[in-house]
Amino acid sequence: MVRRGTNPVRIGSYNQTVVLDAIRRSGGLSRVELAAATGLSAQAVTNICRRLLAAGFVQEAGTTNVGRGKPRTLLRLDADARLAVGVHVDPAVVSVGLLNLEGALLAEERVATPSALDPPRAIATITDAVDAAIAAGQADRGRILGVGVAAPGPVDLRRGVVANPPNLPQWHHVPLRKDLAATTGLPVLLDKDVTAAAVAETWWGSPGRGGTMAVLYIGTGIGVGLVVDGKVVRGSSGNAGEIGHVVVDPDGPYCACGQRGCVAVTVAPVALVEQGRRAGVLDARTPSDTAGAVVALFDRADAGDVVARGIVEDAAAGMARLALVVTNLLDLDRLVLGGPFWSRLEPYYAGAVAGFRSGAAAHQIHDVEVVGTSFGEHFGAVGAASLVLDQAFSAHPTALVEDLRDDSPRARTRRAVAS
């Protein structure tokens with residue numbers, strides 16, 4: 001069945017998103033506190049809060065006494081007022097999650113990615129998973145802001161197209177945003193998986209925190225999501241973060257790019273599986289899919305298989321060298337690791353990666369915080385849903401510019417939503 005989808009829109013004007021974002025990050029503020037926190041006038045805050053209450057985005061949550069004056073009514077976000085769906089398309093597995101405004105995962109579906117099949121069949125599979133997650137969460141589709149899709153790069157953000165991902169050989173310029181909007185009937189946003197991971201960390205992992213951060217995202221391949229001075233970096237075409245051809249082992253295997261020891265052929269999970277098969281650690285009884293094979297390889301390492309443990313420990317050392325390169329390049333103050341396999345990789349990788357910090361160029365000036373994501377295997381789906389919430393609720397400066405342009409279609413749409 002083909003349904004009609006539309007483009008996601010922001011919730012109200014720039015000032016309205018400023019107020020809503022302040023309420024979200026604080027957990028609850030009075031109107032007086034909101035005026036102080038946002039710099040808006042008391043009258044503007046009162047008008048905006050009236051609209052937010054009427055729309056059901058916020059609710060009154062008791063009172064607080066400040067000095068001897070009149071008690072102030074606290075406003076708190078209504079977490080279930082709106083929902084977002086996140087779709088993470090990894091070459092190994094598709095994860096779909098239904099998220100509320102506080103980041104609670106209300107439902108999740110996971111299916112094997114039909115990467116060897118034609119893209120239309122893959123889109124049908126994704127659509128079924130989206131519908132199943134919405135049904136499992138017993139969600140009213142009218143409350144769903146949209147569907148965020150986190151896909152492997154390269155992607156054409158302007159056209160909403162997944163180009164030719166190395167690990168999805170059948171996907172040649174797939175118009176995923178348009179096709180998925182048509183089949184789900186919901187607004188769709190498309191972005192790179194590593195960018196979605198970075199958005200998730202800025203929204204939920206360290207809300208309100210600025211600084212410079214990188215997210216080392218370990219899926220079937222490996223990429224990095226970048227945050228500089230609190231802002232997610234996408235690059236000129238939206239494809240920042242491709243690190244598959246950074247050399248981490250000069251004596252390693254040859255890569256298709258002509259170098260030796262690239263990330264893509266040494267430490268990426270798909271490369272570890274290939275190494276395990278060549279070494280005989282993984283055999284015909286091993287699951288054929290990458291996800292199952294990665295688990296099998298690490299299970300062998302846990303059981304004391306010397307060859308498997310060597311592959312895993314070499315990969316952990318390579319990840320540490322990669323972390324050092326990224327840290328020195330950007331002068332990071334925070335490095336986050338995660339992805340669908342992270343819980344299985346963490347016992348080997350966490351210590352090795354954290355150990356690189358003494359080699360950081362600026363280690364005498366400041367430390368680098370190294371943490372695993374708190375989202376676990378849900379990282380991709382949470383990141384994808386966060387794309388929608390970020391567009392709808394974050395106070396981006398570009399929205400202010402559009403608000404000042406009365407002829408902007410998006411500005412007219414936002415005013416219609418706010419009214």
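What's counted below: heavy atoms across the whole structure, side chains too, no hydrogens, waters or symmetry copies.
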Note to self: Treating R110 as the side-chain partner and S95 as the backbone partner, does any N or O pair qualify as donor plus acceptor under 3.5 Å?
What the structure shows: no
Notebook entry, point to check: Between W171 and R121, is there a cation-pi geometry (under 6.0 Å to ring centre, at most 45° from the normal)?
Noted result: no
Item checked: Check: N328 side chain, A361 main-chain N or O, donor-acceptor pair, under 3.5 Å -> yes
Item checked: Value rounded to 0.5 Å, distance of CZ in R51 from OG1 in T46 -> 11.0 Å
Notebook entry, point to check: Do you know the tightest heavy-atom contact between A150 and G380?
Noted result: CB-O, 4.3 Å
Checklist line | Interatomic spacing from CG in N15 to CG in L40 - rounded to 0.5 Å | finding: 4.5 Å
Check: Got a donor-acceptor contact below 3.5 angstrom from the Q275 side chain to the T266 backbone?
Finding: yes
Next item on the list: Step by step, work out the side-chain contact (heavy atoms from CB on, under 4.5 Å) result for E60 and L74.
Entry: CA-CA 6 Å; E60 295 184 342; L74 292 176; over 6 Å; no
Item checked: Backbone of T220 reached by a side-chain donor or acceptor of D90 within 3.5 Å -> yes
Notebook entry, point to check: So does D302 pair up with R309, basic N to acidic O under 4.0 Å?
Noted result: no
Check: For G160, does its backbone N or O pair with a side-chain atom of D156 as donor and acceptor, under 3.5 Å?
Finding: no
Notebook entry, point to check: Is the closest side-chain heavy-atom distance between L75 and Q59 below 4.5 Å?
Noted result: no
Next item on the list: Kindly determine whether D128 and T125 satisfy side-chain contact (heavy atoms from CB on, under 4.5 Å), including the steps that lead there.
Entry: CA-CA 5 Å; D128 289 344; T125 299; 5.7 Å; no
Notebook entry, point to check: So I222 and V194, side-chain contact (heavy atoms from CB on, under 4.5 Å) or not? Walk me through it.
Noted result: CA-CA 9 Å; I222 296 176; V194 295; over 6 Å; no
Note to self: Could you check whether any side-chain heavy atom of I134 comes within less than 4.5 Å of a side-chain heavy atom of R141, counting everything from C-beta outward?
What the structure shows: yes
Checklist line | Donor-acceptor pair, side chain of R321 and main chain of V248, under 3.5 angstrom | finding: yes
Next item on the list: Verify the ring-centre separation between Y217 and H88: is it less than 6.0 angstrom?
Entry: yes
Checklist line | Side chain to side chain, D333 and V368, heavy atoms closer than 4.5 Å | finding: no
Margin query: Taking the side chain as everything from C-beta on, heavy atoms only, tell me whether V149 gets closer than 4.5 Å to R177.
Written below: no
Checklist line | Closest non-hydrogen atom pair, L190 against L176 | finding: CD1-CD2, 4.3 Å
Check: With a 4.5 Å heavy-atom cut-off, do L216 and M319 have their side chains touching?
Finding: yes
Margin query: Keeping H378 on the side-chain end and F375 on the backbone end, is there a donor-acceptor pair under 3.5 Å?
Written below: no
Next item on the list: Check the pair W204, S386 against side-chain hydrogen bond (donor to acceptor under 3.5 Å, both in side chains), reporting the backbone distance first and the verdict last.
Entry: CA-CA 9 Å; W204 313 112; S386 298; 2.8 Å; yes
Checklist line | Side-chain donor/acceptor of K192 to backbone N/O of A240, under 3.5 Å | finding: yes
Check: Taking the side chain from E33 and the backbone from S30, do they hold a donor-acceptor pair closer than 3.5 Å?
Finding: yes
Margin query: For the CD atom of Q16 and the SG atom of C49, what is their distance to the nearest 0.5 Å?
Written below: 9.5 Å
Note to self: Less than 4.5 Å apart, side chain to side chain, heavy atoms only: is that true for D80 and L106?
What the structure shows: yes
Check: Roughly how far, to the nearest 0.5 Å, is CD1 of I23 from CZ of R31?
Finding: 9.0 Å
Notebook entry, point to check: Is a donor on one side and an acceptor on the other found under 3.5 Å between the side chain of T195 and the backbone of D191?
Noted result: no
Check: How close do L157 and S237 get, heavy atom to heavy atom, and via which atoms?
Finding: CG-O, 4.1 Å
Margin query: Looking at every heavy atom in both A198 and V215, which two are closest together, and how far apart are they?
Written below: CA-CG2, 4.0 Å
Note to self: L180 and side-chain contact (heavy atoms from CB on, under 4.5 Å): which single residue from V174, I126, L186 fits?
What the structure shows: I126
Checklist line | Heavy-atom closest contact (L77 atom, R24 atom, distance) | finding: CD2-CG, 4.0 Å
Notebook entry, point to check: For the residue pair R82 and L101, what are the closest heavy atoms and their distance?
Noted result: O-CG, 3.4 Å
Next item on the list: Please assess T127 against V130 for the test side-chain contact (heavy atoms from CB on, under 4.5 Å), listing each intermediate value before the final yes or no.
Entry: CA-CA 5 Å; T127 301; V130 168; 5.6 Å; no
Next item on the list: Kindly indicate whether the side chain of V227, heavy atoms from C-beta on, has any atom under 4.5 Å from the side chain of V233.
Entry: no
Item checked: L145 side, atom CG; L189 side, atom CG - distance, nearest 0.5 Å -> 10.0 Å
Next item on the list: For the pair R334 and E201, find out whether any cationic side-chain nitrogen is under 4.0 Å from an anionic carboxylate oxygen.
Entry: yes
Margin query: To the closest 0.5 Å, what do you measure between CH2 (W342) and OG1 (T373)?
Written below: 10.0 Å
Margin query: Contact between F356 and T327 at the side-chain level, heavy atoms closer than 4.5 Å - yes or no?
Written below: yes
